[in-house]
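Heads up, the thing below is written out as structure tokens.
A note on names: the letters A, B, ... follow the listed sequences, proteins ahead of strands, and every chain is numbered from 1.
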Amino acid sequence: MLDPKLYRENPEIVREGLRRRGASFDLDALLGFDAERRALGTELDGLKAERNAASEAIARLKREGGDASAAIEKTRVTGDRIKELQAKHDAVEEKARQLALLCPNLPDASVPDGKSSADNKVAASWGAPDQANSVPDHMEIGKRLKLFDFERGAKISGSGFPIYTGAGARLERALINFFLDTHVTRFGFTEVSPPYLVSRNTMVGTGQLPKFEEDMYRCDGEGGDRARDQFLVPTAEVPVTNMHADEVLDAASLPLSYCAYTACFRREAGSWGADTRGFLRLHQFNKVEMVKFAHPEKSWDELEALRSHAEELLRMLELPYRVLELCAGDMGFGAAKCYDLEVWAPAEKRWLEVSSCSNFLDFQARRANIRFKEAGKTRLLHTLNGSGLATPRVLVALLETHWTGNGVRIPAALRPWMGGLEEIVAA
RNA sequence: GGAAGGGUGGCCGAGUGGUUUAAGGCAUCAGUCUCGAAAACUGAAGUACUGGCAACGGUACCGUGAGUUCAAAUCUCACCUCUUCCGCCA
């Protein structure tokens, strides 16, 4: 959520940010509800002050043994009026809140202009993408080495749910552990292993709801005696960021740096047909996520740190990559600035997104009510997160990049998690 | 699944309808003392919304939501959640 003071006092700043994003949001409606709520609130406060004074007078009268029945009767009328106005006020307030939850974050001034992914800026790159060599694609390699089984995955669950088999299953597990262990031992993160099902309120805290409900898997608890309303996590960002919802952290403890592995579940509604081949777009996939809770004055440095950690993992895996600075029109709902990391897939002959590192400023902190205390003052903190990394497309690039002709070479950095294995070859 | 007991400020914890303006403690901040720190002492200080240039006001908030009442942390109902015990179970 945006700071209400910002759109109330400087609506033109908000309008300009929304325009850069290409977002269609009815700011005037929000301003209208906001003004109406304040007017009702002021009237209500006056009536309540009146009632409080009257109640006090009644108490005094009764203590002194007088007859308060006339005063009580008079105050009853005020009470009825309050009840009526309160209902009106609450309805308007709820409308304003529901609308405010649909408003995206504003792009930071440093974010490049642009409407779509075509306008993103290449900020950095590493390695030499192999553009000429023709290698078998990851599906072919997987078939030859028996690394995964899409048909049987589809049989038991539907499309987009692969089964990893044999060396493929071990390679997947090795990547996850390599990512986690590297974050913990080299980058100083604290590992957490969160639940995969979270409440509706938690999904609102990080911004997945209310706007993107159709992309989420929902478990509504039908048939159970307790009607749960829970969602499968689309990313570990959701449970980990909300761990500290409604808390006031000590300034000295910041930044808090967590990493977490979870499976991620996405319906990918509306994206049928695009990138659906093989591992490029799945309904369930594995990802290690980095999440930071930062002091507002340090969050931009933390964003660069997140990005550098994700880059380091790709270098260790010897995968050529590039870093994109996303344009205003291509950023996610809650981000104020976002870097995407893309690896080169030689057989696909294209860049594949494997990480997204974002600074949300106080956008999520305001929704989830995550604050910190410094010199006696309580303030909202800043949240950030970045993938480190999502495995499916890393796996694609790894298989295609390190194909030797009859097997896949395991990069030296990953070998400790593969029991020292140097190459996966056909059984 | 059954039974019982809890949920109060950053944290702990008192509080059974109107002197609660939520006691007390811890932690925090400022000051005194000190070369400096610690300790001790003195003082300040909840959060949100709202009115006001400001000084300073108003309102709400004791797990959540409804209800009773002139008046609710306190009484009633529902729900959420935690703890303990029993049952079942990887």
Side-chain angles (χ1 to χ4, degrees), chain A residues 1-9 30-101 193 195-205 219-221 223-231 239 242-254 256 293 295 362 365-381:
Chain A
M1 267 193 296
L2 298 179
D3 184 352
K5 281 201 196 79
L6 180 64
Y7 52 74
R8 199 176 293 152
E9 291 164 15
L30 179 57
L31 289 170
F33 289 140
D34 184 60
E36 192 184 347
R37 179 191 66 80
R38 277 189 296 161
L40 286 167
T42 303
E43 189 180 354
L44 208 43
D45 283 357
L47 283 171
K48 284 178 179 173
E50 204 176 285
R51 181 181 63 181
N52 288 343
S55 284
E56 209 173 300
I58 291 165
R60 204 180 317 116
L61 243 171
K62 285 202 163 185
R63 257 198 314 277
E64 288 159 5
D67 177 18
S69 56
I72 287 172
E73 191 49 47
K74 191 178 165 224
T75 309
R76 198 196 306 270
V77 179
T78 310
D80 290 344
R81 176 77 183 131
I82 287 171
K83 197 172 275 187
E84 190 184 311
L85 261 182
Q86 186 76 55
K88 213 163 155 187
H89 170 271
D90 291 352
V92 174
E93 185 172 50
E94 182 58 17
K95 270 198 228 172
R97 179 180 155 73
Q98 287 309 317
L99 194 54
L101 285 172
S193 182
Y196 289 11
L197 279 171
V198 295
S199 67
R200 174 173 289 274
N201 196 41
T202 294
M203 294 284 275
V204 171
C219 306
D220 62 5
D225 47 354
R226 283 193 187 175
R228 299 251 172 194
D229 193 22
Q230 294 173 319
F231 295 81
N242 282 285
M243 277 199 318
H244 292 300
D246 296 315
E247 291 185 24
V248 179
L249 304 172
D250 185 352
S253 70
L254 302 179
L256 290 176
F293 299 83
H295 190 287
D362 61 12
R366 184 170 290 105
R367 288 174 162 245
N369 191 27
I370 312 171
R371 296 173 296 169
F372 73 105
K373 198 165 199 170
E374 182 180 52
K377 287 265 187 246
T378 308
R379 299 168 59 190
L380 293 171
L381 49 69

Next item on the list: Find the partner of B:G5: check Watson-Crick (N1-N3 plus N6-O4 or O6-N4) and G-U wobble (N1-O2, O6-N3) distances, both under 3.5 Å, and reply none if neither fits.
Entry: B:C82
Next item on the list: Could you pick out which residue, A:Ile58 or A:Ala49, lies toward the 5' side of RNA chain B when each is mapped onto its nearest nucleotide?
Entry: A:Ala49
Notebook entry, point to check: With a non-hydrogen cut-off below 4.0 angstrom, is A:Ser55 in contact with a base, only sugar-phosphate, or nothing?
Noted result: base
Note to self: Going by purine N1 to pyrimidine N3 plus the second Watson-Crick contact, or the G-U wobble pair, all under 3.5 Å, which nucleotide sits opposite B:U74?
What the structure shows: none
Next item on the list: Would you mind checking if A:Glu43 and A:Arg81 are paired as a salt bridge, meaning a charged N to carboxylate O distance below 4.0 Å?
Entry: yes
Item checked: Any-strand Watson-Crick or G-U partner of B:C61, both distances under 3.5 Å -> B:G46
Checklist line | Pair A:Glu56-A:Asn52, side-chain donor/acceptor within less than 3.5 Å | finding: no
Next item on the list: Would you classify A:Asp250 as touching base, sugar-phosphate or nothing, given that sugar-phosphate means primed atoms plus P, OP1 and OP2, and contacts are heavy atoms under 4.0 Å?
Entry: nothing
Next item on the list: Scan A:Ala54 against the nucleic acid and name what it touches under 4.0 Å (heavy atoms): base, sugar-phosphate only, or nothing.
Entry: nothing
Next item on the list: Using only heavy-atom distances, determine whether the side chains of A:Ser199 and A:Asn201 contain a donor-acceptor pair under 3.5 Å.
Entry: no
Checklist line | Pairing of A:Arg76 and A:Asp80 as salt bridge, 4.0 angstrom limit | finding: no
Note to self: At 4.0 Å (heavy atoms only), tell me whether A:Lys74 reaches a base, stays on the sugar-phosphate, or touches nothing.
What the structure shows: nothing
Contact list (N/O, under 3.5 angstrom) for nucleotides 46-56 of chain B vs protein:
from	atom 1	to	atom 2	distance (Å)
B:C49	O2'	A:Arg37	NH1	3.4
B:U50	OP1	A:Arg8	NH1	2.7
B:U50	OP1	A:Arg8	NH2	3.1
B:U50	OP1	A:Arg37	NH2	3.4

Notebook entry, point to check: Who is the Watson-Crick or G-U wobble partner of B:G51, with both distances under 3.5 Å?
Noted result: B:C56
